[in-house]
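A quick note: this is a predicted structure, and the numbers were derived from the prediction, not measured.
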Amino acid sequence: MARVAFDLEEASLLQPGEILVTYSTDIGWSPYFPILGGVVTELGGLISHGAVVSREYGLPCIAGLQGATQQFKTGDYVLLDGNQEILQRSPKPEDS
């Protein structure tokens, strides 16, 4: 599930496994990476903070996906493929 967060106050609402969708990250966001399911930033590239820290934690990441914070909202079910640089909405999973 996606969590759109524009600042650290909103980041404090992150739940384990959520995909963080944000404008950019810096060192202040680092404590949240261990609980994330993935990271998407609008700014950055291969050596940006979000990309480097995501690699360290083995998280899928897309850095530089412009408009992501406007196209997605908190609570959207999403599929994140960092290798193909794809972030797309997906249907809500069926309850087991």
field: side chain to side chain contact (heavy atoms under 4.5 Å, CB included) between Thr25 and Tyr32, intermediate numbers included
entry: CA-CA 11 Å; Thr25 64; Tyr32 298 101; over 6 Å; no
message: With side chain to side chain contact (heavy atoms under 4.5 Å, CB included) as the criterion, how do Phe72 and Val40 come out once you've worked through the C-alpha distance, each side chain's angles and the decisive distance to 0.1 Å?
response: CA-CA 11 Å; Phe72 296 91; Val40 177; over 6 Å; no
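The cluster map of Ile, Leu, Val, Met, Phe, Trp and Tyr, joined by side-chain heavy atoms under 4.5 Å apart, puts Val39 and Leu80 in different clusters. Put simply, Tyr23 and Leu8 are part of two different groups of oily side chains (I, L, V, M, F, W, Y) that touch within less than 4.5 Å, one to the next. Hydrophobic clustering (side-chain heavy atoms under 4.5 Å, transitive across Ile, Leu, Val, Met, Phe, Trp, Tyr) keeps Ile19 apart from Met1. Taken together through direct or relayed side-chain contacts under 4.5 Å among Ile, Leu, Val, Met, Phe, Trp and Tyr, Tyr57 and Trp29 form part of one hydrophobic cluster. The hydrophobic cluster containing Tyr77 does not contain Leu79, counting ILVMFWY residues as joined when their side-chain heavy atoms lie under 4.5 angstrom apart, directly or transitively.
For the pair Leu65 and Ile62, the tightest heavy-atom approach, listed with the atom from each and the gap, is CB-CG2, 3.8 Å. For the pair Leu20 and Ala5, the tightest heavy-atom approach, listed with the atom from each and the gap, is CD1-CB, 3.9 Å. Across Arg3 and Leu14, no two heavy atoms sit closer than the pair CG-CD2, 3.4 Å. Shortest non-hydrogen contact noted between Ala51 and Gly45 is CB-O, 3.2 Å. Minimum interatomic distance between Ile27 and Pro31 (heavy atoms only, all atoms of both residues): O-CD, 4.0 Å. The minimum heavy-atom distance between Ala63 and Thr41, with the atom names listed, is CA-OG1, 3.3 Å.
A donor-acceptor distance shorter than 3.5 angstrom exists from the side chain of Asp26 to the backbone of Gly28, with no hydrogens or angles considered.
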What donor-acceptor contacts under 3.5 angstrom involve side-chain atoms of residues 81-88, with partners at least two apart or in another chain?
from  : atom 1 : to    : atom 2 : distance (Å)
Asp81 : OD1    : Asn83 : N      : 3.0
Asp81 : OD1    : Gln84 : N      : 3.0

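Annotation: side chain to side chain contact (heavy atoms under 4.5 Å, CB included) contacts of Phe6 (sequence neighbours excluded): Val4, Glu10, Thr69. Among residues two or more places apart in sequence or in another chain, the side chain to side chain contact (heavy atoms under 4.5 Å, CB included) test is passed with Gln70 by Glu42.
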